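I have placed the structure first, in the form of structure tokens, so that the comments after it can refer back to it.
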Amino acid sequence: MARLLEVKDLKVQFKTREGPVHAVDGVTFHLDAGETLGIVGESGSGKSVTSLSILRLLPMPPAQLVNGTIIYQDKDLADLPESEMRAVRGREIAMIFQDPMTSLNPVLNIESQLIEPLQLHLNMSKNEARQRAIELLEAVGIPDAPRRLRAYPHQFSGGMRQRVMIAIAIAANPKLLIADEPTTALDVTVQAQILELIARLRRDLGTAVILITHDLGVVAGVTDRIIVMYAGKIAEEASTDELFANPRHPYTLGLLASIPHLDEAVTEDLQTIPGSPPDQLHPIAGCPFQPRCPFVLEKCKTYPPYMAVGPNHRAACWVDVTDPAEQERASKRGFIPFRQIRHGFAGESSPAGMSNA
Amino acid sequence: MRRYLIRRVVQAVFMLFVMSIVFFTLLHLIPGGPDAVIGANNPHITPIQRAAIRHRFGLDQPVPIQYLSWLGNALHGDFGISFSNSLPVAQELAARIPATLELFLTALGFALIMAILLGVTAAVKQYSITDYLITVLSYIGISMPVFWFALLLQELFGVQLGLLPVFGRTAADTTSFTNLEIFEDYVVHLILPAIVLSLLFIATWSRFLRSSMLEVIKQDYIRTARMKGLGARQVFFRHALRNALIPLVTVVAISFGGIAGGAIITETIFAWPGLGRLFLVAVNFPDYPTLLAYLLFGAASVIFFNLVADILYGVIDPRIRYS
Amino acid sequence: MTLPAATTARASATGAHLSIEDLVMHFPITQGIFIQRQIGAVRAVDGVSLSVKHGETLGLVGESGSGKSTIGRCLVRLYKPTSGHMYFGDQDLAEAEGQQLRMVRRRIQMVFQDPYASLNPRFTVGSLISEPMAIQRTASRAEIHTKTEELLERVGLNRRFIDRYPHEFSGGQRQRIAIARAISIEPEFIVADEPVSALDVSIRAQIINLMQRLQEQMGLTYLFISHDLSVVRHVAPRVAVMYLGKIMEIADRGDIYNEPLHPYTAALLSAVPVPNPRVEKQRKRIILKGDLPSPINIPSGCRFHTRCPLAQEICRQVEPPLEDKTGRSHFAACHFSDQVGPLTRTGSVQGLGTI
Amino acid sequence: MATVQSDQLLTQFQPNEITPELARKRRSQFRIIFDRFTRNKVAVAGFVVLAVLLVAAVFAPIITGQTSTYDPPNDPNLSIALSGPIPGHPLGTDDLGRDELARMLFGGRVSLAVGILTALLTILIAVTVGSLAGYYGGWVDMVMMRVTDAFLSVPLLVVLFVLARTFSDGSVPSIVILIAAFEWPSVARVVRGEFLGLKEREFLLAARTLGANDLRLMVRHILPNAAGPIIVAATLVVGDAIITESVLSFFSFGVRPPTSSWGSMLNNSRDFISSDPLLLYLPGIAILITVLCFNLMGDGLRDALDPYMTER
């Protein structure tokens with residue numbers, strides 16, 4: 001597959017009174033045409049900042065692109081002139097955001113917001129654009145599109161607004177769609193609708209997708225590959241199946257073990273990751289996960305290189321967490337060997353619709 | 001929306017009615033009220049003359065009756081007769097309105113243009129020297145006593161530089177002027193008072209617009225607009241300014257309501273023959289029928305323009321228009 | 001307003017600690033020039049009956065606008081219910097006033113969703129945790145300090161933090177502070193309103209475990225309100241599902257998750273993403289059409305019929321009662337609960353347009 | 001088994017978890033606010049200038065050797081009238097030959113007194129009305145807000161002139177009462193807004209579920225969180241009141257001689273603009289600087305008093 005995007009050693013900082021916040025701290029990844037990549041992380045992990053810096057949508061200042069290249073096709077977006085960047089935004093790469101309630105301009109009707117990218121990038125006349133806008137609204141599942149075109153954002157529910165947002169994003173047929181927590185603000189049944197829609201559009205249009213979320217469940221179903229971020233760095237990267245089947249970073253391991261799984265038997269206690277996510281104003285020397293890590297070693301004080309731990313599988317950890325000896329050592333710090341969910345699951349206790357029938 | 005409108009209008013009318021009672025009672029019950037004023041300047045007045053005057057102005061009736069008859073007349077546009085020159089108050093006021101409107105509209109129009117220019121510039125160039133300069137100037141504008149500023153301008157442009165007239169609305173004698181000269185004469189007389197009157201508006205509005213603009217720029221939908229690939233100009237004027245102007249529109253509308261009080265200082269200092277000067281003369285006399293009418297005029301304009309502000313807000317903001 | 005025989009749910013509630021009967025909470029919408037008159041109501045809770053056994057956890061699940069949080073707030077009497085009863089022991093919480101209400105508040109406490117918002121930023125941790133003791137006068141001035149330090153350690157915080165302000169703590173630590181405050185006067189019952197939703201994923205397990213440990217140690221009873229079905233399944237042996245102000249289904253954990261008897265529960269379950277790609281790729285989803293109707297204008301008959309894949313004519317007209325469908329205290333309010341099983345197995349994806 | 005391990009984990013890790021804020025030395029609430037205020041250099045400058053002005057005004061009688069509260073030394077000496085700066089009179093003399101410096105100090109005493117006293121009275125009324133209306137809502141709110149609306153519908157300067165002419169005896173207290181009577185409604189709205197917003201906040205709901213009574217909720221919980229906007233409003237009222245007083249005095253409706261304020265001094269000096277412009281400049285600049293400093297300080301306080309401490 002053709003390489004679409006290549007991000008190398010991206011560093012983004014926010015200038016504050018008390019010093020720089022190292023929001024993204026040396027992130028390297030790539031994306032192929034038509035691929036769906038998941039970026040998973042908690043608040044402050046740098047996942048959203050990474051995605052916003054691709055389109056250079058961060059407010060600068062206080063944000064500052066300190067280092068790195070963002071090669072899209074053959075252009076480096078990191079130092080493209082603003083005028084050329086505008087031709088990339090919306091046309092080549094488009095984005096949808098977390099909060100559909102605030103992402104649409106409240107004083108403009110849907111039509112004028114939706115035809116903007118059509119007129120700008122596809123040079124459509126107003127009439128052509130209006131026709132296309134109706135098709136787009138229908139494509140994202142908004143009933144009665146011609147009439148709804150005249151409506152204002154506040155007349156739509158959250159789920160409908162996110163559909164409008166998606167229509168705006170795909171209007172000029174971008175090659176890459178970045179979805180930054182597109183369902184976090186929505187209810188679970190609406191989330192299912194939106195994820196379904198994104199998956200279908202991706203199939204129909206062949207668009208590459210970067211899906212950013214804090215919810216491991218959301219990425220499990222729709223992505224080809226996943227990046228796990230922690231404290232502005234990539235902790236682990238693998239194909240989706242491999243990541244869930246064979247997690248190799250203690251953070252991924254902890255994350256998977258600490259959330260209750262609907263497809264598993266109910267346990268007495270959840271395994272916890274002690275402590276809190278770090279504050280990027282005061283980064284920890286070496287591996288940022290060490291204060292919370294049961295596998296921690298003396299050499300974790302220097303940051304581990306990304307090590308290939310399998311085909312298409314990288315992890316930034318000195319420890320081989322699959323080694324029984326290491327697990328034994330870690331169990332003294334409270335580590336519970338990772339539940340064997342991959343080797344089939346107890347059919348009896350798995351909720352409706354989740355057993356492999 | 002229609003129901004809301006009716007409700008607001010009814011409320012406004014009721015408020016004005018309450019105001020009229022309050023003002024009437026206030027002016028008639030205070031020591032040194034209308035009764036005491038009669039003949040105050042004439043030590044030789046006889047009790048019979050006094051009674052005649054009291055009767056003529058209806059002051060021999062109980063206050064509630066006086067109020068009702070005043071109200072009845074007022075509803076027909078009759079606000080009584082001035083104590084100072086025995087002319088109908090309504091007529092006096094009406095004669096002064098054009099001069100005040102001319103000054104007020106010029107000043108507000110000028111202020112609006114300046115405030116938008118300065119506010120938007122400051123917001124676009126946040127933290128630049130221009131921004132600091134505008135901020136400093138608006139702070140000074142807010143903190144400056146208007147009458148003092150007026151005196152300084154008068155001294156500088158009128159007396160020292162001799163560039164502009166400092167008193168009145170027109171030259172004393174305009175009979176020999178051509179039409180163009182008459183217009184010019186109006187304009188040069190307007191400049192200083194209009195600048196003085198607009199100072200406070202420019203300062204407050206530009207600061208208001210700057211902060212509302214900066215607030216809007218932070219919103220998610222501005223990021224959406226940039227995501228589409230729109231240029232800075234379109235993002236700013238099409239997406240940001242519209243949202244930032246909505247609250248300013250209501251602030252401006254409310255400022256109109258201050259016409260009665262706002263004109264007093266400027267008109268007095270520049271000897272502008274408008275309502276404000278009429279009022280000041282009435283206060284000093286004291287000419288109660290004129291004062292009462294003026295107070296009501298003031299309250300009415302505040303109430304009316306508050307209403308206008310509410311309605312405008314609904315018209316401009318689709319979130320309210322459709323709910 | 002007539003309510004269906006939802007009260008049968010009470011029948012199973014032997015030894016119930018808390019028993020809610022026909023709870024209604026309508027927020028009036030008023031309009032008027034001088035005198036406000038009511039022109040409608042937000043029917044947030046529209047006739048709910050349920051009970052919680054001593055020392056147990058009842059999970060209350062629903063999407064935003066379902067009324068689940070309103071029930072919680074009625075229980076701690078932040079709202080006075082429009083009608084209905086909330087029996088707590090022999091006391092009706094709906095009726096308690098004045099001194100009675102103060103005494104009740106000693107026995108029922110609440111933990112809120114957002115630990116950034118639920119702690120007064122002007123208070124120190126010590127004064128936050130000790131405030132209930134000061135108000136309820138359950139401890140003397142001298143005891144309060146020692147007790148506060150003990151409470152801090154009990155929830156896993158250092159006792160040296162007693163003089164610090166909330167903004168100095170992380171989200172997980174703040175929620176511990178909020179929990180310490182709630183248990184400081186040794187209540188019997190805790191309403192936990194989305195206690196982990198605002199926390200980072202890696203923190204949630206800490207708080208869930210803490211709450212479960214405290215339950216064992218103190219014999220607490222929980223009403224655990226959440227939109228997260230996985231979390232509720234983990235903490236609550238019995239679960240109620242709400243939709244638009246009513247309970248759609250209430251049953252034991254195993255029953256409700258394995259064999260839902262209401263299409264809404266089934267749809268909710270099928271919509272929850274599971275962190276397992278193998279399961280995800282095989283799953284059949286029930287995608288509900290449309291949006292949640294407004295709680296001002298609740299649909300006739302079964303309130304779920306506008307979005308239900310099983311809806312028939314009868315659903316538009318007759319509101320189904322909440323009744324025991326299996327004889328194992330598995331209550332569901334659906335005319336066609338026997339068809340929910342097949343629906344779960346096939347899934348249903350509503351037709352959508354194509355590009 | 002699992003339980004034991006995670007319990008062990010809890011005790012092992014949590015108590016020692018130190019966020020960067022916790023790692024710092026403990027600071028009192030006052031200290032935090034002070035630190036944040038001092039970061040705003042302009043606001044600090046405003047505060048310093050105000051402090052100097054206040055000290056000068058407070059010690060005006062000692063500096064000039066006068067014992068009266070508000071009245072400046074009245075020692076006309078027409079031989080040195082309108083002198084401009086001369087030895088013994090660093091700022092010159094007025095049209096009656098009285099020392100301008102002494103008059104400025106006493107004028108400032110009056111202007112500052114009017115400003116500060118008005119602000120105090122305004123806050124007292126506004127907090128009472130605003131907090132009751134915002135907290136209780138319903139008909140209490142309805143009645144109080146209609147009254148507030150009525151006051152706000154009054155054409156301010158017009159009514160002030162009329163009332164100053166009729167009610168006021170030209171003393172400082174009467175001016176203070178007059179101005180405060182029309183300053184409180186807008187502040188009351190601010191207070192009401194704060195109370196309305198804060199009473200729905202979760203921490204307040206939490207306190208209510210603890211059984212806290214209304215008084216405790218209002219005084220211990222809401223008021224400290226609303227203090228910021230109230231204090232800021234107070235500083236703005238000071239500036240407003242000083243200007244309003246100067247306008248009243250300029251039109252001879254304010255304080256009456258022998259008491260003088262900066263405003264009445266301006267009224268007095270109008271006629272001497274050509275002969276001794278210093279008499280016009282000094283009081284005007286004094287008003288400008290004082291009001292400016294109050295406004296700058298208010299802005300600094302606005303940021304320093306933000307209760308949510310979004311940034312340290």
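What you are looking at is a predicted structure, and each value in this text was computed from that prediction instead of being measured.
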Contact between [X] and [Y] at the side-chain level, heavy atoms closer than 4.5 Å - yes or no?
X: B:Val18; Y: D:Arg146; value: no
X: B:Leu280; Y: D:Phe161; value: yes
X: B:Leu151; Y: D:Phe250; value: yes
X: D:Asp149; Y: B:Asn306; value: no

Mark yes when over 12 heavy atoms from residues, nucleotides or ligands other than [X] sit less than 6.0 Å from its [atom1]; otherwise mark no.
X: B:Phe304; atom1: CZ; answer: no
X: B:Leu161; atom1: CG; answer: yes
X: B:Phe24; atom1: CZ; answer: yes

Margin query: Between B:Tyr139 and chain D, with a heavy-atom cut-off of 4.5 Å, which part of the residue counts as in contact: side chain, backbone, both or neither?
Written below: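 Contact with chain D involves both backbone and side-chain atoms of B:Tyr139.
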
Item checked: Part of B:Phe23 lying under 4.5 Å from any heavy atom of chain D ->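 It is the side chain, since no backbone atom gets that close.
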
Distance from [X] atom [atom1] to [Y] atom [atom2], nearest 0.5 Å?
X: D:Asn295; Y: B:Ile140; atom1: CG; atom2: CD1; value: 11.5 Å
X: B:Trp148; Y: D:Leu280; atom1: CH2; atom2: CG; value: 7.5 Å
X: D:Leu163; Y: B:Leu26; atom1: CG; atom2: CG; value: 5.5 Å
X: B:Ser143; Y: D:Ile287; atom1: OG; atom2: CD1; value: 11.5 Å
X: D:Ser252; Y: B:Asn284; atom1: OG; atom2: CG; value: 7.5 Å
X: B:Phe147; Y: D:Ile243; atom1: CZ; atom2: CD1; value: 8.0 Å

Check: For D:Tyr281, is it the side chain, the backbone, both, or neither that has a heavy atom closer than 4.5 Å to a heavy atom of chain B?
Finding: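 For D:Tyr281, heavy atoms of backbone and side chain both lie under 4.5 Å from chain B.
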
Note to self: Heavy-atom cut-off 4.5 Å, strictly under: side chain, backbone, both or neither for D:Asp240 against chain B?
What the structure shows: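 For D:Asp240, neither part sits under 4.5 Å from chain B.
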
Note to self: Please output the residues of residues 290-303 of chain B in contact with chain D, using a heavy-atom cutoff of under 4.5 Å, in numerical order.
What the structure shows: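 B:Leu291, B:Tyr294, B:Leu295, B:Gly298, B:Ala299, B:Val302, B:Ile303, listed by number.
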
Item checked: Close approach to chain D in residues 196-206 of chain B, criterion heavy atom under 4.5 Å ->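 So far as heavy atoms go, nothing in residues 196-206 of chain B approaches chain D to under 4.5 Å.
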
Using a 4.5 angstrom heavy-atom cutoff, name the option from [options] with the most pairs to chain B.
options: D:Ile285, D:Thr244, D:Leu156; value: D:Ile285
options: D:Val247, D:Ile289, D:Leu157, D:Leu288; value: D:Leu288
options: D:Ala164, D:Gly284, D:Gly263; value: D:Gly284

Item checked: Leading residue by heavy atom contact count with chain D [cutoff under 4.5 Å; candidates B:Ile265, B:Val146, B:Ile264] ->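 Of the candidates given, the most pairs with chain D belong to B:Ile265.
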
Check: Given the options B:Glu155, B:Gln160, B:Met144, which has more heavy-atom pairs under 4.5 Å with chain D than any of the others?
Finding: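 Looking at each option in turn, the highest pair count goes to B:Glu155.
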
Next item on the list: Quick one: closest heavy-atom pair of D:Asp299 and B:Arg207, and the distance?
Entry: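 Smallest heavy-atom distance, with atoms named: OD2-NH1, 3.8 Å.
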
Checklist line | Smallest separation among heavy atoms of B:Met15 and D:Ser153, with atom names | finding: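 Taking every non-hydrogen atom into account, CG-OG, 4.0 Å.
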
